[in-house]
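First the proteins, then the strands, lettered A, B, ... as listed; each starts at 1. Nothing here was measured: the structure is a model prediction, and the numbers come from that model.
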Amino acid sequence: MESREVVVKIRNLYKSFGDLDVLKGVDLDLYREENLVVLGRSGTGKSVLIKIMVGLLRQDKGAMEVLGREVSRLNTKDLNALRLKIGFSFQNSALYDSMTVRENMEFPLVRNIKNLTKKEITFKIEELLDAVGLPQTINQMPSELSGGQKKRIGVARTLILNPEIMLYDEPTAGLDPITCVDINNLINEVRERYKTTSIVITHDLACAKMTGDRMAVLLDGQFNSMGTFDEVFPQAEDERVKSFYDYNFIHS
Amino acid sequence: MAEESEDKKPLLSKKIDKFFTGLADAWNFVRRFFQEVLLPPYEFKEVIHQCYRIGVESLPLISLTGFIVGIVFTNQSRPSLSEFGATSWLPALISIAVVRAMGPLVTALIAAGKVGSSIGAEIGSMKVTEQIDAMEVSATNPFKFLVVTRVLATTFMIPMLVMYTDFVALMGSFINVNKNELVSLSTFFVQVFDSITFLDVFSSVIKSVVFGFTIGIVGCYKGYNSSKGTEGVGRAANSAVVMSMFLIFIEELLALQIVNAIRGM
């Protein structure tokens with residue numbers, strides 16, 4: 001694993017909001033075409049980590065290198081160029097609710113790739129809607145879609161720019177168990193089909209087990225344990241990691 | 001300990017601190033608008049779309065209000081003028097009142113309620129549902145796409161709406177005057193144009209531009225800085241209206257002083 005190309009390198013990363021220290025010296029290497037699952041309880045800074053990765057937030061201290069570029073040192077133009085290589089699937093899908101599905105998908109495409117014909121744009125949109133299994137929704141408004149459909153369209157929208165890295169923020173939050181499995185399958189399909197490197201932020205261990213090559217548990221602002229699912233769980237020594245596992249697989 | 005020491009701070013200083021921080025934030029927002037408006041890429045298509053939404057979609061409400069203002073103001077002014085046998089001055093009186101003050105003020109207040117609240121709520125809801133972040137990570141400048149376009153649209157369209165309101169209010173007034181004083185359309189408008197000056201029209205347009213800018217920037221600022229979920233969206237829409245109206249009255253007062261000073265020269 002270690003001989004593979006590192007696409008995201010995080011070193012000694014700190015971030016606080018007022019008096020609240022969220023990240024306290026995070027270190028991480030993410031390898032090409034790997035699916036890394038970041039687990040942790042709510043408010044532990046999982047989403048903060050990936051928001052720093054795309055420049056939505058800025059770290060207080062430490063290094064965040066994505067595809068060989070230190071994110072905090074990039075100017076707007078270079079940051080936007082880097083963002084085109086990263087797909088960000090938001091927790092609530094973040095579809096533009098005043099636009100149809102087609103317009104939602106067109107928006108990043110026409111603004112970032114010039115000289116595309118209408119035919120090419122439609123072909124690309126239809127291809128991705130087919131890939132996420134929702135070709136019939138093309139003219140629908142986001143308000144007409146279910147939670148699972150919104151997530152799928154959100155993923156399709158991020159894939160339209162052919163990203164190298166996919167960031168999934170709580171992809172299964174608020175969905176029923178069957179839709180969760182569909183979304184987990186979609187995450188795996190995206191990796192296989194588009195050869196993406198992914199970070200999946202979740203506190204759902206079933207999702208983690210299905211989608212992750214490696215797990216990283218964020219506790220007290222640092223990665224407490226890292227490894228495959230079986231290495232991190234179920235024989236976890238740390239009580240907090242153990243209780244996390246017990247709650248997901250025994251109590252529920 | 002930290003909490004204890006914070007509790008000891010007087011409430012007034014916190015409020016003053018918050019006030020000045022808010023003022024600095026608002027100033028930075030306005031400054032950013034003027035920086036971004038000059039830099040490419042220019043969002044012409046979105047500006048035109050917003051002009052349509054703000055201008056054309058406001059026409060029914062503006063038409064009705066302007067027309068009623070014209071009729072009511074004429075009706076209310078008649079008794080006072082008739083005491084001096086001066087009802088023939090009605091077109092002059094109404095035109096001065098409408099062009100100098102009522103047209104811009106009524107239009108701006110209606111637009112603050114209709115357009116300002118809608119901008120505040122729309123951008124606020126985009127903020128709390130992470131749509132603005134989604135725009136940013138897809139390498140689109142959300143400030144330029146959402147804020148600059150809307151502020152330009154209100155700045156262009158409110159003066160147009162004001163001129164339209166002036167016309168509709170004068171038409172309302174004409175119908176009333178025509179019915180009661182049997183004044184013809186041409187006589188009415190000859191009196192109207194005789195009584196208003198270039199300075200009246202010019203100051204009305206400039207004032208409307210300022211009102212339009214105020215409505216747009218306040219709505220966008222409140223929406224862009226909203227938080228705390230749906231409650232925050234409602235609060236953003238509400239405070240966009242209240243703040244816009246407050247600023248419009250202050251601007252009207254300042255404009256009056258400036259125009260009077262120019263007239264006195």
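- Partners of B:Glu231 by side chain to side chain donor-acceptor pair (under 3.5 Å), not counting sequence neighbours, listed by chain and number: B:Arg235.
- When A:Leu161, A:Val54, A:Asp97 are compared by the number of non-hydrogen pairs under 4.5 Å with chain B, A:Asp97 comes out ahead.
- For B:Tyr224, the OH atom counts as densely surrounded, since its 6.0 Å shell holds more than 12 non-hydrogen atoms of other residues, nucleotides or ligands.
- Of all non-hydrogen atoms in A:Phe90 and A:Lys151, the two that sit nearest each other are O-NZ, 4.5 Å.
- Most heavy-atom pairs under 4.5 Å with chain B, from the set A:Ala94, A:Gly87, A:Ala81: that is A:Ala94.
- When each of A:Arg83, A:Gln91, A:Lys51 is checked for heavy-atom pairs under 4.5 Å with chain B, A:Arg83 comes out on top.
- With chain A as the partner, the residue from B:Ala134, B:Ser138, B:Pro41 showing the most heavy-atom pairs under 4.5 Å is B:Ala134.
- Looking only at heavy-atom pairs under 4.5 Å with chain A, the residue among B:Thr129, B:Asn141, B:Thr140 that has the most is B:Thr140.
- With ring centers used as reference points, B:Phe143 lies 6.0 Å or more from B:Phe33.
- The aromatic ring centres of B:Phe249 and B:Phe211 sit 6.0 Å or more apart.
- When the candidates A:Asn92, A:Leu82, A:Leu95 are compared by the number of heavy-atom contacts under 4.5 Å with chain B, A:Leu95 comes out ahead.
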